[in-house]
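What follows is a set of notes on a single structure, which appears directly below.
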Amino acid sequence: MKVGSFYKELVLKRLIYLAIALGLLLICLVVDIGLGPAKYSPSTIINAIFFNESNESIKVILFDIRIPQALMAIIAGAVLGLSGAIMQTILANPLASPYTLGIGSAASFGAALGILLFDGAFFGISSLAFIFSTISILAIYFLSKRIFLGGSTIVLIGIVMVFIYQSLQAFVIYLANEIEVSSIVFWTFGSLSRATYLNCLILFIAFSIVLVVVLMKSWELNALLLGDEKAQSLGVKTFKIKISMLVLISFLTTICVCFVGTIGFVGLVGAHIARLIIGSEQRFFLVFSSLVGSLLLLISSSISKSVIDGVVFPIGIITSLIGAIFFLSILLKKGIK
């Protein structure tokens, strides 16, 4: 088989995978919107959205609560999936993700501190969340460069950072009043309950900008997969590209945490599944990882509404439970090897 023909077939195969993921995403979206204390069939949802044939109470539930939450699950999942994929590429570590390296915990602590110091003002919360997540991610990067840490050790440092930030957050909670504690707990558990169309739009714009930037840098990211020395021999400024990517991840993770709190393991699991199905070629890997992240969060959202009839659990509990089992399986697999 000629190289050109093989490459065309490979691209076609990856495009088919992307189309399948989009189709599954649409199905999961309808299912998730229909689930909740009151359950609605797909025909009821379609009639309400496209034909304006449902009563007012159903429209209020669908348009004011469920659709914004489902859209936020798609966008936040895409953000986490993309962030996990970029981190695993630039750190050359399959265990890297915003959650396992403590970036989500750092942003969550910054948000908690912002609630305490700025009386819940969004700018103050997001600024501190961005500062602490950036400090955390840069500290991990420079430590890994200076001490030549192995992949597992970097993750252990990330886990240490999680504990440090959780301790600091507990201290903030101790100083906060009841209203502030309620807001901080929201960030700690991770939830879609505060999703609005405006929040969805802001996060979608941020995600779209970062996705376009990283896709424009996909050639450099592909070169990084060969190792720093080979990438530099191909003309890639490895330090510059890694720092810029890390800052973008901090920016994206911070906005996501400000709207939905800390949602763990979606970035880790999404990137692994994407790499397994579509490979590491960055143009497809980054997009597919985003889609898988969206699917994972939508499915988790549906599960959170189905465990006990009439009760909706914070989605962070579901993703942490599923992700922790997946994370353990990866560690055991690496240990066996």
Side-chain angles (χ1 to χ4, degrees), residues 17-42 44-46 48-49 61-85 97-99 104 189-197 199-201 203-204 206-208 211 252-253 255-257 259-274 276-278 286-308 311-323 325-326:
Y17 282 134
L18 289 173
I20 291 173
L22 280 172
L24 288 174
L25 194 64
L26 187 61
I27 293 171
C28 290
L29 174 66
V30 175
V31 171
D32 186 62
I33 291 173
L35 292 174
K39 294 180 174 54
Y40 302 118
S41 65
T44 304
I45 297 169
I46 292 171
I49 295 175
I61 292 173
L62 291 181
F63 286 101
D64 291 356
I65 301 173
R66 295 195 186 175
I67 292 177
Q69 290 182 1
L71 291 176
M72 181 57 83
I74 291 175
I75 302 168
V79 165
L80 295 172
L82 180 65
S83 299
S97 78
Y99 190 77
F189 279 160
S191 172
L192 302 171
S193 62
R194 296 189 182 182
T196 65
Y197 291 109
N199 292 349
C200 292
L201 180 63
L203 191 58
F204 176 73
F207 167 75
S208 301
L211 181 63
L252 206 52
T253 305
I255 297 177
C256 188
V257 167
F259 291 147
V260 300
T262 306
I263 295 178
F265 291 110
V266 173
L268 175 77
V269 179
H272 268 276
I273 293 175
L276 190 67
I277 294 175
I278 211 164
L286 296 173
V287 176
F288 198 64
S289 183
S290 303
L291 286 172
V292 175
S294 298
L295 274 170
L296 287 172
L297 212 51
L298 263 184
I299 293 170
S300 300
S301 172
S302 299
I303 294 174
S304 73
K305 293 187 267 190
S306 307
V307 176
I308 298 177
V311 177
V312 180
F313 289 96
I315 195 169
I317 296 174
I318 306 299
T319 59
S320 295
L321 184 62
I322 297 172
I325 296 170
F326 188 85

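Count residues from 1 along the sequence.
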Give the table of side-chain donor-acceptor pairs shorter than 3.5 Å for residues 22-29, with sequence neighbours excluded, one pair per line with atom names and distance.
none

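To the nearest 0.5 Å, atoms OH (Y17) and CD1 (I278) are separated by 8.0 Å. Distance check: S304 OG to I299 CD1 gives 12.0 Å after rounding to the nearest 0.5 Å. Interatomic distance, S191 OG to I317 CD1, rounded to the nearest 0.5 Å: 9.5 Å. For the atom pair CD1 of I318 and CD1 of I263, the computed distance is 11.5 Å after rounding to the nearest 0.5 Å.
Distance alone, capped at 3.5 Å, places no donor-acceptor pair between the S301 side chain and the L297 backbone. The backbone N or O of L286 lies less than 3.5 Å from no partner atom in the side chain of S289, so there is not a single donor-acceptor pair.
Side chains of I67 and Y197 form a contact here, defined as non-hydrogen atoms less than 4.5 Å apart. The closest side-chain heavy-atom distance from I322 to I303 is below 4.5 Å.
The residues D32 and R66 are annotated as not salt-bridged, no charged nitrogen and carboxylate oxygen being separated by less than 4.0 angstrom.
Shortest non-hydrogen contact noted between L192 and Q69 is O-CG, 3.2 Å.
Heavy atoms of other residues, nucleotides or ligands lying less than 6.0 angstrom from CZ of F313 number more than 12.
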